[in-house]
Amino acid sequence: DAGKVSDYVHYHDTLLQVIYCWKGWVRIVYEDQGPPLVMKAGDCILQPPSIRHRVLESSANLEVVEVSYPANHKTFSDRSLSLPTPRPRLPREFGGQRFLHHQISNAKWKPYRISGFNSRDTGINSATKGFASVHIVKSDTRYPEQEWCHNAALLFVCILSGSLTLTHERINIDTLSTGDACILPPAKNYKYSNCSENLQLLEVSLPGNFKTKIVRD
């Protein structure tokens, strides 16, 4: 529901926590990051390990995609800390990572690692020192249907809009559309085809830097 959120200052024992705002907006305050910020649709936030934060308010029908590693983790309250903290401490690291708010209003599209696609880099690769990377990807109508494989430990893909056909090992074929998500294991062959003009993907990888090999053009 729209309005104030009944939340308290808390933190998580994750190694990675990424939040992508899919629909609506949410107002949050973070430890040592200044006054509360508003995450809007298309924005992405990196919540470093153990950073204290509190959700204050949201729009109606807010939807976010949250990717956490490990999946099962603990949440702790910290009632001794009041947010916002008196003054920002920028940049500050939490568990070797720094807080990052990627805003769609400042995003720049560049060619992607797979031919025929463009992406906007959220900056999370740099903020995590290569531990993870997050890209928003869109298709180019001139894309070649290439078969490829990768060596990432984790490659998570969520369809933000549109649809595509995913071919796995030239055998299994799946149609993925808005709201669908999948994990693409390493050392397997994949192909994207039949990409709709409005296709956009959220891609999260561990580690941030990994190799993609074109198997077949």
Side-chain angles (χ1 to χ4, degrees), residues 16-28 30 33-48 51 59 62-67 69 88 90-94 96-146 148 150-152 154-164 176 178-182 184 190 192 195-214:
L16 177 73
Q17 193 164 37
V18 171
I19 300 175
Y20 177 86
C21 187
W22 190 7
K23 300 175 183 178
W25 58 265
V26 58
R27 192 163 66 95
I28 320 173
Y30 285 93
Q33 305 303 310
L37 60 86
V38 176
M39 182 167 61
K40 301 177 181 178
D43 290 0
C44 187
I45 278 180
L46 171 69
Q47 285 186 178
I51 189 172
S59 68
L62 167 72
E63 289 191 42
V64 302
V65 179
E66 179 179 299
V67 180
Y69 175 75
L90 305 172
R92 178 188 170 185
E93 289 191 355
F94 300 81
Q97 302 177 18
R98 59 180 174 83
F99 173 83
L100 184 141
H101 178 198
H102 169 77
Q103 296 175 279
I104 189 173
S105 57
N106 300 325
K108 295 180 180 180
W109 293 93
K110 298 180 179 180
Y112 185 50
R113 61 185 178 86
I114 303 174
S115 298
F117 293 83
N118 295 311
S119 74
R120 51 183 172 98
D121 185 348
T122 61
I124 288 176
N125 189 359
S126 175
T128 62
K129 299 180 180 178
F131 182 71
S133 186
V134 178
H135 287 84
I136 312 302
V137 183
K138 66 179 180 179
S139 63
D140 188 318
T141 54
R142 298 166 296 178
Y143 69 90
E145 294 185 5
Q146 296 177 327
W148 51 274
H150 67 85
N151 68 347
L154 171 72
L155 190 60
F156 167 84
V157 176
C158 178
I159 311 298
L160 300 174
S161 64
S163 62
L164 61 78
L176 302 178
T178 303
D180 291 345
C182 64
L184 303 181
Y190 304 96
Y192 291 158
C195 299
S196 64
E197 292 185 4
N198 64 334
L199 176 68
Q200 286 202 24
L201 315 174
L202 171 68
E203 180 188 273
V204 181
S205 68
L206 294 175
N209 299 313
F210 63 95
K211 293 182 179 179
T212 298
K213 178 182 177 181
I214 303 302

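Model, not experiment: these values are computed from the prediction.
The two atoms that bring Ser205 and Gly208 nearest to each other are OG-O, 3.9 Å, heavy atoms only. Closest approach of Ile104 to Ala41, counting heavy atoms only: CG2-O, 3.7 Å. Shortest non-hydrogen contact noted between Asp121 and Gly123 is OD1-N, 2.9 Å. Taking all atoms of both residues into account, the shortest heavy-atom contact from Ile159 to Trp22 is O-CZ2, 4.2 Å. Of all the heavy atoms in Ser196 and Gly162, the pair that sits closest is OG-CA, 3.2 Å. When all heavy atoms of Cys44 and Val134 are compared, the pair lying nearest together is SG-CG1, 4.2 Å.
Panel note: side chain Asn209, backbone Gly130; no donor-acceptor pair is recorded below 3.5 Å.
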Derivation and outcome, side-chain contact (heavy atoms from CB on, under 4.5 Å), residues Val157 and Leu184: CA-CA 8 Å; Val157 176; Leu184 303 181; 4.1 Å; yes
Steps toward side-chain contact (heavy atoms from CB on, under 4.5 Å) verdict (Lys40, Gln103): CA-CA 8 Å; Lys40 301 177 181 178; Gln103 296 175 279; over 6 Å; no
Pair Asn118-Tyr112, side-chain contact (heavy atoms from CB on, under 4.5 Å): steps then yes or no: CA-CA 5 Å; Asn118 295 311; Tyr112 185 50; 5.6 Å; no
Stepwise side-chain contact (heavy atoms from CB on, under 4.5 Å) test for Leu176 and Ser163: CA-CA 5 Å; Leu176 302 178; Ser163 62; over 6 Å; no
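Residues Tyr30 and Gln47 bring a donor and an acceptor atom of their side chains to less than 3.5 Å of each other. Side-chain contact, Arg113 with His135: no donor N or O sits under 3.5 Å from an acceptor N or O. His101 and Asp43 are linked by a side-chain donor-acceptor pair at a separation below 3.5 angstrom, with hydrogens and angles left out of the test. In the model, Glu63 has no side-chain atom that pairs as donor or acceptor with a side-chain atom of Tyr20 under 3.5 Å.
Expressed to the nearest 0.5 Å, how far CG of Leu202 lies from CD1 of Ile136 amounts to 4.5 Å. Atom SG in Cys158 sits 12.0 Å away from atom CD in Glu203 (nearest 0.5 Å). Atoms CZ and OH, from Phe131 and Tyr69 in turn, are 6.0 Å apart once rounded to the nearest 0.5 Å. Rounding to the nearest 0.5 angstrom, the gap separating the CD atom in Gln17 from the CD1 atom in Ile51 is 10.5 Å. Rounding to the nearest 0.5 Å places CD1 of Ile28 at 12.0 Å from CD of Gln33. If you take CG on Leu46 and CG on Leu100, they are separated by 6.5 Å, rounding to the nearest 0.5 Å.
At a threshold of 4.5 Å between non-hydrogen side-chain atoms, the residues Leu164 and Leu201 count as touching. Contact annotation: the side chain of Gln146 approaches that of Ser115 to within less than 4.5 Å [non-hydrogen atoms, C-beta and beyond]. Inter-residue side-chain proximity for His102 and Ile124 is flagged as unmet; no heavy-atom pair is nearer than 4.5 Å. Phe117 places none of its side-chain heavy atoms less than 4.5 Å from the side chain of Lys138. Under the 4.5 Å side-chain criterion, counting only non-hydrogen atoms from C-beta, Thr122 is not in contact with Val18.
Ring-plane geometry between Phe210 and His150 is classed as perpendicular, the angle between the planes exceeding 60 degrees on a 0 to 90 degree scale with a lower cut at 30.
For the pair Lys129 and Glu93, the salt-bridge criterion is met [side-chain N within less than 4.0 Å of a carboxylate O].
With a 6.0 Å cutoff to the six-membered ring centre and a 45° limit on the axis angle, Lys213 does not count as a cation-pi contact of Trp148.
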